[in-house]
Colleague: 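The structure's right below; bear with me while I get my questions together.
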Amino acid sequence: MNGNDIFNINSFLTPDVSCAPVYVWVWNDVCTEEIIDAQIEEMQSLGIRAFYILPEPKDFRPDSMPTTLTPNYLTEEFFELCAYAIKKGKALNMNCWIYDEGGWPSGSACGNVTKVHPEFSLVNSSYPDLLNKKATEYFIEITHEKYFWAIGEDFKNFVSAVFTDEPKAPFHASNKELIERYEKMYGESIFPYLPLIKGKIAPTEENVHILHRWYDLCSRAFCENFLLPCKKWANEKGSVFTGHLDVDHSPQGCMNGCNFNLMRALRCFDIPGVDVIWRQLYPENKIDNKNDFNAYNGFFPRYASSAAAQNGTKFSMSEIFGVAGASVSYDIMRYTVGYGAVRGINIFNPFNFPLGRNGQLLAQELPIFTEKQPFCRYLNQFNQYTERLSYINSLGERVYETGLYYPVSDFQGGLNSEEIAKKFDSLGRTLEDMLVDFDIVDDDVLQLAEIKNGCICIGNAKYKNIIIPEGAFIPEATQKALDNFEKQGGRVSHELSNLTPVVKSDGVGLRAMHRKFNNGDLLILFRETGEIGDYSIHLQSAKGYLLDLNNGELQHIETENGVFKISLAIGETAGVLLTDEVLKAENQNRFKDEFNITSDFTFRKETELVCDENGFDNINRSEKSVPIKLGDWSQIIGSTYSGSGFYETRFSLPAEKVGKEAELNLGDVHFVASVSLNEYYLGAKLAPPYKFKIPTGILNENNMLKITVTNTSANWYVHTDYFKRWKTEELSQYFEGEIEYAKDFLSGGLYGPVTLYTE
């Protein structure tokens, strides 16, 4: 993605391919050039303009998620087909990355590193010791170099990024290199402390410094011996290095995810990333039970965006939707990208577009995006929305001045890790409630950054305020840096008073970001909680525009006494552009009159999702329309239906309303609505609010309203007996959980109320 310092209306309307979400193309079945051609054509029909190939070999999870990938992973034929797909995509102006592993976690080449070099393996594992640089070198030799061989010397013109997925260092690492390095650094042997390192004795106040030293050393070795060699290889080939670590949503994930210092590790990436799997990010009003993977809704996307800023870059990414289930609606998808964007994420990596489309493969890693699902006919529209969001979120630089200290020593030592993690988490969540934008800063940043004009300066980041969780362990070198910072005018505190919010706003549940660029300022506003409703945003300028991410249009903002009022649904993102430039835009409409459309509706099935031995298909229904009450369509067609249904009604208006401009609001819809009025197509809405502009000249005295509603594939997945022919272990370890998720959303239909607003 290219940096942008000027808002360009054409770039907003049709962003560059570098803004496109990068889809995971899971290769899990027989692959040929003909299949590649057909699926790339399908990608284009779905508006997918970027991808990387994630191979899932037969040896990846044969006992819990069997696949039939052919040709075999790491063979010349496999790499030749990958090269064919990448070159085909590039010829069609698609953005192509490569993925460095067969399955995950990265680093083992699906066990092939230790098959050839058992000396690199961990105890009782086929996974290599990634603190051993020779293991990394061999991993790169049999994966990265083979991609380079197949694609050719023009690699940099075909591959823009190399993705690594959840690589891990050994948790109880104690190899020869580390032992010698520790002794050289600290003048003592680590051997007396190996029981402490191995977790056989508990840490105490007297020995916890050993853990701090040891895991700091492990962190550096992980960066030096795995992450940085991978980055170096990608950069030398003209690509950037991207990806994410494991358990990166949790404050203590640095230990559970085996990287030992998440922030240090993320700064080894050109484009640092985070992983959003299961339902970590999810509207709280949609579910009842919250946990680490269900509406956790933490501020963890900031790990990646903070690392990017500290590196002096602006791009960070998020893998999204992995194993979130078949019930993922565009409402949820919009929530996920908006949640990440307002915290600095501007490249999105949706999971998954599968090669295999039949049998038990349809049960693995849901949701899957294919043109045979009625719900996916609108994927193009979601992708365009996400591209526009990525574009505006790459403009200029974020404006903020606060850093939240990452107490990694507490997590490494484990004495008070739970307590400190809760304080760290609480501080971050409170800052967000206060509408204070912030980065996460660690010891490296505080010790290495320059102090200029009372600010800690590193990369693109400048911090006037450093917030410390009370009771956190502060290393001596970090404390000296903080003392120096305070002497030069900086603020170090446990308190959150006197911090500057991004905007002053009336109302709760809002999140905000301020970006500044050469020809203006941009506010990104996201409603995280609550219901649909108004916010009063206090603006410094009345000259500006509301950016419509759905269609690329601009609307003049209107303020009263410096206050801009905006209504946002939960999960909805708005861009407010403040600029002196004159751009083509519409005025806000204020409709005074309200008409409830209470006339009877009729309904018929339209396109139904079905499945047989060949995979998904659609059946076009031509049944007779029948009367229906607004609400769940299961009242007349049962609860098993996934697909689309067609609603129709006639309504009359007074003569003075004929031809007037108006707005149609469908109320509640499950989950996509496509609308025409008097044979004029008003468009499709993927998520609330389901409002449609009606241009002048469309309304008649007698009107015909037609609405096509489409639900997700959840109903089919929950009620089908298609998968009963396979054992649970053949359907993947995720399938049962995904089906439980889907049961939350067994619905479809037009709920209303349907209302017309006119001049």
Side-chain angles (χ1 to χ4, degrees), residues 105-108 113-114 117-141 164 166-204 206-233 245-247 252-269 406 408-415 417 442-444 447-448 473 475-478:
S106 289
S108 77
V113 169
T114 54
H117 288 283
E119 70 274 19
F120 297 156
S121 63
L122 300 171
V123 177
N124 300 320
S125 174
S126 63
Y127 194 69
D129 178 2
L130 297 189
L131 301 184
N132 184 331
K133 196 169 187 178
K134 291 183 178 180
T136 301
E137 289 170 350
Y138 186 67
F139 169 65
I140 289 173
E141 178 185 333
T164 198
E166 300 180 1
K168 297 172 175 63
F171 185 69
H172 296 304
S174 58
N175 65 33
K176 181 180 178 183
E177 179 189 345
L178 282 175
I179 290 169
E180 291 176 350
R181 190 169 172 184
Y182 182 92
E183 186 168 350
K184 184 176 181 180
M185 289 178 68
Y186 298 108
E188 64 175 351
S189 172
I190 194 64
F191 283 106
Y193 303 106
L194 286 181
L196 175 67
I197 303 267
K198 300 291 186 182
K200 294 180 179 179
I201 63 172
T204 65
E206 290 71 30
N207 65 21
V208 71
H209 69 283
I210 301 296
L211 293 177
H212 295 162
R213 290 174 174 180
W214 183 254
Y215 285 121
D216 182 72
L217 181 58
C218 290
S219 162
R220 294 182 189 280
F222 180 56
C223 293
E224 294 164 5
N225 293 336
F226 182 78
L227 293 176
L228 290 175
C230 290
K231 177 185 184 320
K232 180 182 178 184
W233 187 92
L245 286 306
D246 198 14
V247 200
Q252 298 182 77
C254 58
M255 301 306 291
N256 299 331
C258 297
N259 59 72
F260 311 117
N261 184 335
L262 179 61
M263 291 305 301
R264 179 183 288 158
L266 285 175
R267 285 191 295 270
C268 294
F269 292 86
Y406 176 62
V408 67
S409 292
D410 290 288
F411 304 148
Q412 293 169 344
L415 282 179
S417 58
D442 65 342
D443 298 305
D444 290 357
Q447 292 175 23
L448 299 176
F473 178 88
E476 183 179 351
T478 299

Colleague: List, one per line, each side-chain donor-acceptor pair under 3.5 Å for residues 256-267, sequence neighbours excluded.
Modeller:
unit_1 : atom_1 : unit_2 : atom_2 : d
Asn259 : OD1    : Asn261 : N      : 3.2
Asn259 : OD1    : Leu262 : N      : 3.0
Asn261 : OD1    : Met263 : N      : 3.3
Asn261 : OD1    : Arg264 : N      : 3.2
Arg264 : NE     : Asp444 : OD2    : 2.8
Arg264 : NH1    : Asp216 : O      : 3.3
Arg264 : NH1    : Asp216 : OD1    : 3.0
Arg264 : NH1    : Ser219 : OG     : 2.9
Arg264 : NH2    : Asp216 : OD1    : 2.9
Arg264 : NH2    : Asp444 : OD1    : 3.0
Arg264 : NH2    : Asp444 : OD2    : 3.4
Arg267 : NH1    : Gln310 : OE1    : 2.8
Arg267 : NH1    : Asp442 : OD1    : 3.2
Arg267 : NH2    : Asp442 : OD1    : 3.0
Arg267 : NH2    : Asp442 : OD2    : 2.8

Colleague: CG of Leu217 to CD of Glu177: how many Å apart, nearest 0.5 Å?
Modeller: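 So the CG of Leu217 and the CD of Glu177 are separated by 8.5 Å.
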Colleague: Hey, what do you get for CG (Leu245) to CZ (Phe269), rounding to the nearest 0.5 Å?
Modeller: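 Rounded to the nearest 0.5 Å, the CG-CZ separation comes out at 5.0 Å.
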Colleague: Considering residues at least two apart in sequence or located in another chain, which fulfil the side chain to side chain contact (heavy atoms under 4.5 Å, CB included) criterion with Lys200?
Modeller: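 By the side chain to side chain contact (heavy atoms under 4.5 Å, CB included) rule, Lys200 matches Pro195, Lys198.
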Colleague: Is there side-chain contact between Tyr406 and Phe411, with at least one heavy-atom pair below 4.5 Å?
Modeller: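 When only atoms from C-beta onward are counted, Phe411 and Tyr406 do touch, with a gap below 4.5 Å.
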Colleague: What distance do Cys223 atom SG and Lys231 atom NZ have between them, rounded to the nearest 0.5 Å?
Modeller: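 With rounding to 0.5 Å, SG (Cys223) is 12.0 Å from NZ (Lys231).
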Colleague: Let me have the donor-acceptor pairs involving side chains of residues 120-131, under 3.5 Å, with sequence neighbours excluded, atom names and distances please.
Modeller:
unit_1 : atom_1 : unit_2 : atom_2 : d
Ser121 : OG     : Pro118 : O      : 2.7
Ser125 : OG     : Tyr127 : N      : 2.9
Tyr127 : OH     : Ser106 : O      : 2.5
Tyr127 : OH     : Lys168 : N      : 3.1
Asp129 : OD1    : Leu131 : N      : 2.9
Asp129 : OD2    : Asn175 : ND2    : 3.1

Colleague: The criterion is salt bridge (Lys or Arg N to Asp or Glu O under 4.0 Å); which residues satisfy it with Glu476, sequence neighbours excluded?
Modeller: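 Per chain and number, Glu476 pairs via salt bridge (Lys or Arg N to Asp or Glu O under 4.0 Å) with Lys480.
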Colleague: How long is the span from the CD atom in Glu183 to the CG atom in Leu178, to the nearest 0.5 Å?
Modeller: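 Nearest 0.5 Å value for the CD-CG distance: 13.0 Å.
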Colleague: Just to verify, what does Lys232 make a side chain to side chain contact (heavy atoms under 4.5 Å, CB included) with, not counting sequence neighbours?
Modeller: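 In terms of side chain to side chain contact (heavy atoms under 4.5 Å, CB included), with neighbours along the sequence ignored, Lys232 is linked to Glu236.
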Colleague: Does Lys133 have any side chain to side chain donor-acceptor pair (under 3.5 Å) partners at least two apart in sequence or in another chain, and if so, which?
Modeller: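 Applying side chain to side chain donor-acceptor pair (under 3.5 Å) to Lys133 gives none.
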Colleague: For Leu415, which of Leu211, Val208, Asp410 qualifies under side chain to side chain contact (heavy atoms under 4.5 Å, CB included)?
Modeller: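 The side chain to side chain contact (heavy atoms under 4.5 Å, CB included) with Leu415 is passed solely by Val208 among Leu211, Val208, Asp410.
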Colleague: Using the test side chain to side chain donor-acceptor pair (under 3.5 Å), find all partners of Ser417 that sit at least two apart in sequence or belong to another chain.
Modeller: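 By the side chain to side chain donor-acceptor pair (under 3.5 Å) rule, Ser417 matches Gln252.
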Colleague: Can you name the side chain to side chain donor-acceptor pair (under 3.5 Å) partners of Glu224, sequence neighbours left out?
Modeller: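 Only Arg181 meet the side chain to side chain donor-acceptor pair (under 3.5 Å) criterion with Glu224.
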Colleague: Side chains of Pro203 and Leu196: closer than 4.5 Å at any heavy-atom pair?
Modeller: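 When only atoms from C-beta onward are counted, Leu196 and Pro203 do touch, with a gap below 4.5 Å.
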Colleague: Once you round to the nearest 0.5 Å, how far does OG1 of Thr136 lie from CG of Leu228?
Modeller: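 Reported value, rounded in 0.5 Å steps: 10.5 Å.
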Colleague: Considering residues at least two apart in sequence or located in another chain, which fulfil the side chain to side chain donor-acceptor pair (under 3.5 Å) criterion with Trp214?
Modeller: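 Side chain to side chain donor-acceptor pair (under 3.5 Å) check on Trp214 returns nothing, list empty.
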Colleague: Between Pro167 and Phe222, which heavy-atom pair has the shortest distance, and what is it?
Modeller: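 What the structure gives for the nearest pair is O-CZ, 3.7 Å.
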Colleague: Considering only distance and modelled atom types, tabulate donor-acceptor pairs under 3.5 Å from the side chains of residues 186-193, sequence neighbours left out.
Modeller:
unit_1 : atom_1 : unit_2 : atom_2 : d
Glu188 : OE2    : Tyr182 : OH     : 3.4
Glu188 : OE2    : Arg213 : NH1    : 3.1
Ser189 : OG     : Phe191 : N      : 3.0

Colleague: Taking all heavy atoms of Ile140 and all of Pro229, pick out the closest pair and write down the distance.
Modeller: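 So the two residues come closest at CD1-O, 3.9 Å.
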Colleague: Got a sec, which residues hit side chain to side chain contact (heavy atoms under 4.5 Å, CB included) with Gln447, two or more places apart in sequence or on another chain?
Modeller: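 Per chain and number, Gln447 pairs via side chain to side chain contact (heavy atoms under 4.5 Å, CB included) with Asp443, Ala477, Thr478.
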Colleague: Taking atom CD of Gln412 and atom CD1 of Ile210, what is their separation to the nearest 0.5 Å?
Modeller: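 So the gap between those two atoms works out to 13.0 Å.
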Colleague: Just so I know, are the side chains of Cys254 and Val408 near enough to count as touching, which here means a heavy-atom distance under 4.5 Å?
Modeller: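 Heavy-atom side-chain distance check passes, below 4.5 Å.
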Colleague: Parallel under 30°, tilted from 30 to 60°, perpendicular over 60°: which one fits the rings of Tyr138 and His117?
Modeller: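 It falls in the perpendicular class, over 60°.
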